[in-house]
*Asks:* 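Please find one structure pasted underneath; my questions will follow.
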There are 4 protein chains.
Amino acid sequence: MSKDKILQAAIEVFSENGYHRASMDEIAARAQVAKGTLYYNFPGKSQLFKTVVKQGIEEIMQRTEVELNSSLPMKEKMERVIGHHLNLFLESRHFSHIVFNEISNGIEQDVLDELKELKRTYISFLARMIEEGQCEENLCRDVDPNLAAASIVGTLESTCNYYLSHHDMYSREDLERFAFTMITQGLFISLD
Amino acid sequence: MSKDKILQAAIEVFSENGYHRASMDEIAARAQVAKGTLYYNFPGKSQLFKTVVKQGIEEIMQRTEVELNSSLPMKEKMERVIGHHLNLFLESRHFSHIVFNEISNGIEQDVLDELKELKRTYISFLARMIEEGQCEENLCRDVDPNLAAASIVGTLESTCNYYLSHHDMYSREDLERFAFTMITQGLFISLD
Amino acid sequence: MSKDKILQAAIEVFSENGYHRASMDEIAARAQVAKGTLYYNFPGKSQLFKTVVKQGIEEIMQRTEVELNSSLPMKEKMERVIGHHLNLFLESRHFSHIVFNEISNGIEQDVLDELKELKRTYISFLARMIEEGQCEENLCRDVDPNLAAASIVGTLESTCNYYLSHHDMYSREDLERFAFTMITQGLFISLD
Amino acid sequence: MSKDKILQAAIEVFSENGYHRASMDEIAARAQVAKGTLYYNFPGKSQLFKTVVKQGIEEIMQRTEVELNSSLPMKEKMERVIGHHLNLFLESRHFSHIVFNEISNGIEQDVLDELKELKRTYISFLARMIEEGQCEENLCRDVDPNLAAASIVGTLESTCNYYLSHHDMYSREDLERFAFTMITQGLFISLD
DNA sequence: TATGAATGAGGCTTCATTCAT
DNA sequence: CATGAATGAAGCCTCATTCAT
């Protein structure tokens, strides 16, 4: 169906170019659909973008949810969450960049608000996992869970970006191990 | 002089809107200068942007350098570096967003390359501090210093972003303390 | 249809002003079409220009071809070819000027190359007629046919230009007779 | 002196780019003079252009005049005139193109009128030579001398243009001989 | 006599959006 | 449902010209 083709094309084009450089023309071409069809199915560019982002976030949330609802120990859960994230970032780097960063640029305010809400949803989704780690297993440090969640996402994204510019120097495993270490144990050996 | 007025206006406009939404018209207006004057002083939009970013990065590098060259213990250094960063991020949130993120969107390739180079410079600048902490004080964990530097920047930025959307819930000190904890000790109490 | 209106307007505007002085704004206005429509139908100014020139050259080639393929004696053919040319030059003076001259100024290199190719095509088109005159009827002097063709075009154009500035002094027949004489017999009565 | 440097630079730049593509910036740069100096010495672009053209035409007229005033037989004179012309065209192709063709494009009307007048002057200068050939030596055909002069210029220019695009196929001597033949004897061997 | 910073009109082009079919 | 021709606002940039020094 047209709607699906458009959505798929939109993901690609937005991911490759970012919101502003993506053009409706290219999305239509990529979806093999007339430009009018875009506007028949979506109210406009920003709404289409919103839909794409929403879908993306929901997908990763679903993927992650399975782990969180499992009865794995916290440490394993964290490993898997990091793994999922890395996949997302490495698979569609620009898209996740958009989701986690560009959301603050030049989109209509109302759409932007919705997107921020979505991001918040995702952050608090991760935060719940951390809270669990704090209460149930007494494993996580007593920090604000939301800040911690935000911090994890930031770490993962910047790490991935660096990795993508230097993928000859590290393996995917290096990256995964590094991220896990930094997130869970931090940079210092001890603080005395 | 015109050049300065333009540069100042450009910082503002780029910071508020991001690269693509910023218009040369608005920059000219904000600088109270004719549009032609922009092009008399800078070859074009992307070059102007590059100049702005370069200046920003150099400024924060200068600010931070003082600490790094001091004889303070590593822990103090890290605290101050975090402090400077937080200042930068909180003072001109969008600008630092640009510096550390938008550097990957739709700018002419050559300018983009220079910007990436600048960012790399900054990252390795931080990396040197970490290396020092690894060698001299045996304080820092044996991880790749560049990845660690990238990771720190990511943590700080995402944390700031979250803070800025929820500044009624945390104080600046909370933020600072949190960032320091996450960066140096990580999320987990122990890994047993 | 828009495309035709634009093409017609483009001929007019390019003819009246030459390539550089012609503005897309005026072409749009003259075609009673929005500026965007120009770009919907043609990739840009230089491509539009190319299309116009191509069309013009093809038209005169068609007109002339009939004569060339006829079984008229060479002398008659030449008279008619000169007649067609004169018509073209006098009807749309600036346009032919463009076709035969401005093709060397400030147009994108690739378009320019195509235009030169077109002009070459036309020249060798005339050259074939001359070759025929050399072989079949032993009428034409043994000179390089391509140079001769170029030379004929040059004679006709400069003659027309002069005529157009002094049309009170000569009749159309004068012009035609003169051109025929100069081209076929040259300036000198004999060379002894 | 500045004026001379400017004039020299202007010839170069106008010759290389044509009137519209030539920019005052480049002329100033080429003359190693500030842009203001251009306007200190000349009222504006079109006036500067006029001066350049005037100078160019006067120069070739001077060069040719020597031959015309000599007591050489007509045939020799014609050969030399053709030689001078060819030199002019081949040395600074674009410049002569401008002088003899672009003079009809987008320059202020008053300057344009003056330029046309100049061109006319040159044409009638050649025409006088032809008249002489008609009267004194009874060598030249009884055609309108001005038209003939115009025709000669056209032949030479288009021939040169063709030569310049195919300089691997003809020698300078070929060109000279060809032009002389076409101009003096025309294309046909006889007309019976 | 010369400078060069500043100007602003005008040009080309892009692109989200509309609408008649 | 879908189309695609048409739109026009908005953006970037060029360049002849001016003027205070």
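A quick note: this is a predicted structure, and the numbers were derived from the prediction, not measured.
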*Asks:* Just how far is it from atom NZ of D:Lys50 to atom CG of D:Asp113, taken to the nearest 0.5 Å?
*Replies:* 11.0 Å
*Asks:* Just jot down the salt bridge (Lys or Arg N to Asp or Glu O under 4.0 Å) partners of A:Lys5, sequence neighbours excluded, or say none.
*Replies:*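 Per chain and number, A:Lys5 pairs via salt bridge (Lys or Arg N to Asp or Glu O under 4.0 Å) with no residue.
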*Asks:* Who are the side chain to side chain donor-acceptor pair (under 3.5 Å) partners of C:Glu58, not counting sequence neighbours?
*Replies:* none
*Asks:* Could you pull out every donor-acceptor pair under 3.5 Å between side chains of residues 22-32 of chain B and any protein atom, sequence neighbours left out?
*Replies:*
from    : atom 1 : to      : atom 2 : distance (Å)
B:Ser23 : OG     : B:Asp25 : N      : 3.4
B:Ser23 : OG     : B:Glu26 : N      : 3.0
B:Asp25 : OD1    : B:Lys35 : NZ     : 3.3
B:Glu26 : OE2    : B:Arg30 : NH2    : 2.8
B:Arg30 : NH1    : B:Glu12 : OE1    : 2.7
B:Arg30 : NH1    : B:Glu16 : OE2    : 3.4
B:Arg30 : NH2    : B:Glu16 : OE1    : 3.1

*Asks:* Please work out whether the ring planes of D:His20 and C:His20 are parallel, tilted or perpendicular, with thresholds of 30° and 60°.
*Replies:* parallel
*Asks:* Separation of A:Ile27 atom CD1 from E:dA16 atom C1', in whole Å?
*Replies:*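 After rounding, the reported distance stands at 11 Å.
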*Asks:* Could you give the CZ-to-P distance, from A:Phe42 to E:dT18, as a whole number of Å?
*Replies:* 16 Å
*Asks:* Output one letter per nucleotide in nucleotides 6-14 of chain F: B when a protein non-hydrogen atom lies under 4.0 Å from the base, S when only the sugar-phosphate is that close, - when neither is.
*Replies:* BBB-BSBBB
*Asks:* Taking the six-membered ring of B:Phe42, is NZ or CZ of B:Lys3 closer than 6.0 Å to its centre and within 45° of its axis?
*Replies:* yes
*Asks:* E:dG10 C1' sits how many Å from C:Asn17 CG, rounded?
*Replies:* 14 Å
*Asks:* Who passes side chain to side chain contact (heavy atoms under 4.5 Å, CB included) against B:Ser46, sequence neighbours left out?
*Replies:*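 Once residues adjacent in sequence are excluded, the partners of B:Ser46 under the side chain to side chain contact (heavy atoms under 4.5 Å, CB included) criterion are B:Tyr19, B:Ile107, B:Glu108, B:Val111.
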*Asks:* Show me, range against range, the stems involving DNA chain F, built from at least 3 consecutive Watson-Crick or G-U pairs below 3.5 Å.
*Replies:*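 Stems (3+ consecutive pairs) listed as E:2-21 with F:2-21.
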*Asks:* Enter the distance from D:Leu7:CG to D:Phe14:CZ here, rounded to the nearest 0.5 Å.
*Replies:* 10.0 Å
